[in-house]
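Chain letters run A, B, ... following the sequence lines, proteins first, then strands; residues in each count from 1.
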Amino acid sequence: MNHTAAPINPAQGGLSDLSIRNLFIIPTIVFLILINVFPLLWSLYLSFHEWRANSADDPVFVGIQNYREVLNDSNFWDTFTLTAQYVVYAVIGEVMVGFGIALLLNRSMRGKGLITTLLLLPMMMSPAVVGLFWKLLWNPSWGIVNPLLGLPNDFAWLSDPDRAMWAVVITDVWMWAPFVMLLSLAGLSAIPQYLYEAAEIDRASWWFTFRNITLPLVSPLLLIAIIFRTMENFKQFDMIFTMTGGGPGINTEVNAIKLYRMAFQQWDTGKSCAFAYIMLIMVIGISNIYIKYLNKAKQR
Amino acid sequence: MAAVVSQRKKLANRIMIAAVLVTTFIMLIPIYWIATTSIKSFSDAVAVPPKIFFQPEMTGLVKVFTKRTQLRAPKYKITDQTLESLEADGVPGDVLVELAAVGKLYRTESQFTDAVNEALGPERATDYLALVVRYATISDPTPEKYADARWYEKLIYDSGEKILRASPYPNRLWNSVLISIVSTVLSVAMGTLTAYGFSRFRVKGEKDWLFFILSTRMLPPLVIIVPLFLMYRAVGLIDTHLGLIILYTAFNLSFSVWLMKGFIDEIPVEYEEAAMIDGYTRFEAFRKIVIPQSVTGMAATAVFCFITAWNEYAFALVLTARRAQTAPPFIPSQVGSGLPDWTAIAAGTVLFLIPVVIFTFMLRNHLLRGVTFGAIRK
Amino acid sequence: MQILRRLSLALFSLVFCGAVNAQSLTIFWAEWDPANQLQELADMYTEENGVEVVVETTPWPDFQTKTFTELTAKGTSFDIVVGDSQWLGAGATGGHYVEMTDFFAEHGVDKSMTEGTVTAYAEYPKGSKRYWAIPTEGDADGWSYRKDWFEDPKEMAAFKEKYGYDLGIPETWAQLRDIAEFFHRPDEGRYGVSIYTQKDYDALTMGIENVLWAFGGSLGDMANYKVQGLVNSPGSVEAIEFYKELYQFTPPDWGNTFFIEGNQAMTQGQVAMAMNYFAFFPALTNPKINPHAENTGYFANPAGPKGRFAALGGQGMSINSYISDEQKQLAWDFLEWFVKEENQYKWAEVGGFTCNANVLKSDAFLEATPYNKAFMESMFIVKDFWANPEYADLLESIQRNLHEYIVADKGTAQEALDNIANDWEAIFKKHGYSK
């Protein structure tokens with residue numbers, strides 16, 4: 001990092017450093033406050049009111065009733081457990097697949113660049129569109145998944161209460177394992193070759209080398225990947241919404257989808273703001289961990 | 001001994017490479033499948049079991065660009081023109097006279113043939129029935145209209161529908177392009193300035209500000225979507241291009257600041273100092289030294305911002321309806337009438353994904369930095 | 001910086017140009033065949049009057065959301081919305097819809113359209129003679145079935161032997177159940193019925209309504225907002241227990257289904273009978289989409305012990321109250337044209353489900369499609385859900401509780417209905433309808 005408050009006086013006629021600095025930074029900060037902080041304050045206000053955005057009535061102050069309703073709703077905890085399950089399974093899947101591919105790819109071979117880029121395609125796509133076309137793949141009759149796995153054509157995925165979540169998780173892994181792979185590859189390629197050579201001379205087993213050289217040296221990056229994905233999955237909306245819409249029943253209704261329904265289908269604006277705040281507090285918890293690791297990584 | 005080991009290693013290496021290829025293949029199947037579905041016929045797209053080999057056709061692509069309605073079943077009526085055509089084909093006059101009595105409009109072929117049978121008697125009816133049915137059929141499209149139709153109209157006729165007008169899909173794609181490009185330019189421009197500010201000057205509480213900028217990106221979009229919706233509603237930004245541009249700019253700004261700061265930090269500060277000693281103002285130094293040096297970084301940042309804006313769904317879903325609607329919320333709306341038409345959905349999807357594929361290839365060297373906010377550099 | 005200046009210029013012109021849109025009318029509806037048919041009809045209007053009419057569509061799951069985000073934003077992106085009957089209360093009391101009572105009187109709309117459709121699609125509050133929409137697309141739940149299976153002599157004989165009466169279009173719900181059971185052969189990949197089971201918005205409730213009223217159940221006293229003892233009456237219990245019985249004759253994993261799945265089940269040759277809205281049947285007559293198009297028949301709901309009813313679907317056209325006066329005039333002109341009998345014939349001709357009594361009864365309408373006759377029958381037995389502004393809350397509770405009982409198989413029918421009655425009572429109390 002380059003911290004230099006340049007001691008040199010700029011030529012005459014130009015703006016002073018101070019005004020350039022302010023001109024460059026302040027608009028951005030103001031803009032971000034306007035778009036992010038202001039809405040947050042507004043929704044904090046609304047979360048203490050009973051109000052429907054589709055009615056002409058004014059908000060009525062109800063204290064913490066919205067929060068109490070959300071937290072007392074047995075469905076809330078179901079949704080929360082469901083979201084947690086989804087996050088955990090998806091992240092585990094992404095790490096196993098992504099790290100696995102990275103281990104395979106971490107060797108010199110022809111066309112490595114091309115293959116890596118091809119593998120990265122899924123994560124560059126629009127999650128909403130991915131959800132949509134995976135819906136086609138999961139179709140039990142004419143989708144490609146069942147024939148590939150040798151399953152009969154009435155083996156339902158998205159309409160089965162238990163399997164729908166697995167389908168969502170697998171789709172998510174397909175989309176985001178490349179992300180873990182990318183970070184792992186970066187970590188793996190940074191491991192000095194001489195460590196492996198030394199291990200080979202010592203006739204260390206593959207497992208020993210992996211556990212004592214590879215894993216410790218990759219783990220910082222892998223951890224970042226895990227935190228990144230945990231956060232992103234916690235917020236997940238697009239892909240699940242276009243694929244299952246939260247169904248069947250509420251079997252894939254994660255937090256974000258429940259919030260959307262509450263706010264824009266049931267028009268329970270006040271309560272949805274309270275729900276959003278509860279979600280926000282959870283995200284802040286996760287992001288704090290994340291920021292800590294990010295800073296660590298930056299210092300590396 | 002060494003040879004044995006190296007041979008074993010070679011073999012292991014081969015197996016690993018094979019495994020890589022297989023994995024890549026598996027990962028690409030979904031993309032392959034959506035691409036091929038876009039050029040399948042409706043019946044091939046929903047064939048059981050799924051078809052790997054098929055006759056490609058353009059119907060799906062035509063469908064994304066058109067609004068259509070189901071063709072109606074043909075009707076049957078003997079009109080003056082029917083009689084003329086029959087006469088021209090040599091049908092005797094007495095038959096024509098009797099046929100002329102069958103004046104009513106019939107809505108099913110069986111009712112009509114019953115009526116003809118009754119009028120002519122079974123013997124003569126068998127001779128002329130086929131001809132009579134042919135000339136009495138009122139179908140939409142008429143055979144002439146079908147013959148004159150353009151290739152894409154024919155494709156749609158063949159799938160049992162007719163084209164009413166163009167679909168709004170091109171307009172939605174255009175909205176996506178416009179909104180993504182403008183918001184990208186804005187966020188990269190603002191991001192570069194701000195990054196320079198943070199990189200070169202002493203800012204009180206710099207870490208906290210940078211953290212604040214980063215944290216705006218951490219916010220789950222759905223958390224602020226309700227108040228944002230209300231805000232936009234109050235100032236009339238719902239369903240405007242400007243509304244989404246502002247939003248996506250804000251969305252990408254934090255990312256752009258972080259990424260650009262990484263790039264600008266790498267440009268030695270001495271260059272500017274030298275320039276300023278030569279009489280450049282600070283602003284000139286920034287423009288003539290820093291900007292040219294960070295063009296690569298700006299380009300990479302721009303493509304990332306573009307892809308993020310291009311792919312965004314939740315805000316576009318809630319904040320737009322028509323005029324400013326982008327492609328992501330529009331494509332799922334092509335689910336068709338009562339039955340999802342996968343060929344059309346796939347065609348819309350593939351067209352939408354093409355830019356992303358191109359950009360991914362352009363970006364491959366910057367991907368790592370981009371997806372991690374510039375936190376990790378290779 | 002010049003680029004920026006040019007860009008901002010371009011931006012502004014774009015934003016403002018969007019607002020200038022002379023002589024064009026936008027109608028907003030959900031994505032389905034009737035919307036395309038309306039476009040075809042509107043094209044005829046354009047030919048006659050030179051005013052461009054565009055039918056914009058959005059998928060069913062977002063239709064409600066999109067309409068109300070736009071209306072509550074006082075948005076003008078559409079001039080006319082073809083809205084669900086449940087929305088009347090929200091549209092009328094929220095000031096989103098333009099009142100049409102005078103228009104009805106002037107053009108005799110309440111006379112020319114059938115009484116049931118006027119009440120269901122136009123009037124709010126019910127019984128007040130105040131109107132907010134032009135009945136446009138009549139719709140109700142009906143059934144498609146496999147004629148070839150029903151008419152197969154072998155099947156007919158086997159059925160007669162097993163149940164003691166002839167296999168045919170069911171006249172009672174009990175018969176429908178027998179037929180479903182008869183054709184339910186999972187090992188052959190054939191199943192009995194497809195019914196609505198989805199938890200989203202109103203799907204499951206719409207399916208249940210068909211049996212609810214037929215078994216003497218109730219959704220409550222809509223005039224006095226009384227629900228206890230009605231929603232959870234023995235008739236209601238019997239009805240949803242029956243629906244749950246039907247659920248066991250559906251294809252596997254049929255717990256998240258609505259109209260799309262119903263049509264898919266037919267085109268895939270999976271089921272003997274599929275519940276669906278009539279407006280979704282056009283696709284089933286297209287042999288390119290439905291390989292069994294020739295062998296697909298249609299019938300109206302059978303009767304239950306307490307009568308014969310059908311859940312109302314369908315929509316009416318309402319004018320967005322936030323558009324400019326010029327646009328409103330364009331909208332009125334179009335509606336005036338639309339309600340004329342000659343144009344209602346055209347509407348029926350392009351496939352629309354007209355609500356005009358004369359057109360409905362005409363041969364031209366009855367013979368236009370294989371399902372129009374069953375549709376006409378249904379239009380005389382329709383009943384609807386609540387239409388007050390809190391309908392979304394009511395739906396949320398009934399959908400959740402019924403789904404729990406029927407699909408998730410938790411609790412008893414009585415418990416589910418008691419929960420709904422309690423929730424609804426609380427909702428009515430909260431909004432001041434009852435003490």
Side-chain angles (χ1 to χ4, degrees), chain A residues 1-2 4-6 8 10-11 14-15 17 20-21 24-25 28 31-32 35-36 39-40 42-43 101 104-105 109 115 117-121 124-126 128-129 132-133 136-137 141-142 144 147 153 179 182 186 235 237-238 242 256 259-260 263 269 272-273 276 279-280 283 287 294 297-298, chain B residues 13 16-17 19-20 23-24 27-28 30 33-34 46-50 190 193-194 196-197 199 201-202 213 216 218-220 222-224 226-228 230-231 250 253 265 269 273 276 279-283 307 311 313-314 328 331-332 342 349 352-353 356 360-361 364 367-368 371 375-376 378:
Chain A
M1 254 191 235
N2 228 325
T4 327
I8 299 136
L15 290 163
D17 275 7
I20 285 204
R21 186 195 78 182
F24 280 11
I25 293 178
T28 297
F31 183 51
L32 287 177
I35 294 291
N36 291 293
L40 273 180
W42 194 351
S43 82
I101 299 177
L104 290 178
L105 254 180
M109 58 185 277
I115 285 179
T117 315
L118 283 175
L119 282 171
L120 290 173
L121 270 177
M124 304 302 281
M125 293 179 175
S126 168
V129 171
L132 187 69
F133 77 70
L136 168 68
L137 305 181
S141 308
W142 56 80
I144 188 73
N153 68 13
F179 174 79
L182 183 68
K235 304 195 293 195
F237 171 75
D238 308 10
T242 50
L259 177 61
Y260 174 83
T269 314
S272 68
C273 287
M279 244 179 98
L280 183 64
V283 174
S287 32
L294 195 67
K298 284 217 82 159
Chain B
N13 206 35
M16 297 280 205
I17 288 173
V20 166
T23 318
T24 313
M27 294 288 279
L28 290 178
W33 199 251
I34 196 74
V46 296
V48 183
M190 281 176 84
L193 297 181
T194 309
Y196 180 79
S199 176
F201 303 112
R202 201 169 279 146
I213 290 174
T216 61
M218 303 286 138
L219 218 55
L222 276 217
V223 167
I224 53 163
V226 177
L228 245 144
L230 298 171
M231 231 167 94
L253 192 48
D265 280 346
V269 73
E273 284 168 359
M276 280 189 281
Y280 277 28
T281 65
R282 167 67 78 173
F283 191 73
I307 289 182
N311 285 344
Y313 173 75
I331 296 170
W342 284 107
T349 304
F352 179 76
L353 291 180
V356 174
T360 307
F361 273 86
R364 57 188 184 275
L367 266 169
L368 187 61
V371 296
I376 294 147
K378 223 166 157 181

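- Interface residue A:I101: only side-chain heavy atoms are found under 4.5 Å from chain B.
- The two residues A:R21 and B:G197 make their nearest non-hydrogen contact at CG-O, 4.4 Å.
- With chain B as the partner, the residue from A:V283, A:I144, A:L259 showing the most heavy-atom pairs under 4.5 Å is A:I144.
- The part of A:T242 that comes within reach of chain B is its side chain, from C-beta onward, which places non-hydrogen atoms under 4.5 angstrom from that chain.
- Taking every heavy atom of both residues into account, B:P220 and A:K235 meet most closely at CA-CD, 3.3 Å.
- For B:L230, the parts lying near chain A are the backbone and the side chain together; criterion is any non-hydrogen pair under 4.5 Å.
- Distance check: B:R282 CZ to A:D17 CG gives 4.0 Å after rounding to the nearest 0.5 Å.
- Here the straight-line distance linking atom CE of A:M125 with atom OG1 of B:T360 works out to 7.5 Å at 0.5 Å rounding.
- Side-chain contact check for A:L120 versus B:R364: every heavy-atom pair is 4.5 Å or farther apart.
- Looking at B:A19, the atoms closer than 4.5 Å to chain A (heavy atoms on both sides) sit in the backbone and in the side chain alike.
- Closest non-hydrogen pair, A:I35 versus B:A250, comes out as CG2-CB, 3.7 Å.
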Audit row: B:V223, A:L40, side-chain contact (heavy atoms from CB on, under 4.5 Å) steps and yes/no: CA-CA 8 Å; B:V223 167; A:L40 273 180; 4.1 Å; yes

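- Distance check: B:L28 CG to A:L121 CG gives 7.0 Å after rounding to the nearest 0.5 Å.
- For A:F31, the part lying under 4.5 angstrom from a heavy atom of chain B is the side chain only.
- The contact between A:S272 and chain B is made entirely by side chain atoms (from C-beta outward), counting heavy-atom distances below 4.5 Å.
- Residues A:L280 and B:L219 form a side-chain contact, since some pair of their non-hydrogen atoms from C-beta on lies under 4.5 Å apart.
- Shortest non-hydrogen contact noted between B:N311 and A:S126 is O-OG, 3.0 Å.
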Tell me, with the steps shown, if A:T28 and B:L253 meet side-chain contact (heavy atoms from CB on, under 4.5 Å). CA-CA 8 Å; A:T28 297; B:L253 192 48; 3.4 Å; yes

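- With a 4.5 Å cut-off on non-hydrogen atoms, A:I25 touches chain B through its backbone and its side chain both.
- Highest contact tally toward chain B, considering only A:V129, A:L137, A:L104, is held by A:L104 [criterion: heavy-atom pairs under 4.5 Å].
- The distance from atom CD1 of A:I20 to atom OG1 of B:T281, rounded to the nearest 0.5 Å, is 6.5 Å.
- Separation of atoms CG (A:L136) and CH2 (B:W342) is listed at 5.0 Å; rounding is to 0.5 Å.
- Side chain of B:T194 to backbone of A:F24: a donor-acceptor contact under 3.5 angstrom is found.
- For A:F237, the part sitting under 4.5 Å from any heavy atom of chain B is the side chain, from C-beta outward, and nothing else.
- Two residues are said to be in side-chain contact when any heavy atoms from C-beta on lie closer than 4.5 Å; B:V226 and A:S43 fail this criterion.
- Nearest heavy atom pair, residue B:Y313 against residue A:D238, reads CB-OD2, 3.3 Å.
- Counting heavy-atom pairs closer than 4.5 Å to chain B, the top-ranked of the candidates A:Y260, A:F179, A:W142 is A:W142.
- Between the CD1 atom of B:I213 and the CG atom of A:N36 there is a distance of 11.0 Å, given to the nearest 0.5 Å.
- Contact annotation for B:L367: both backbone and side-chain heavy atoms come within less than 4.5 Å of a heavy atom of chain A.
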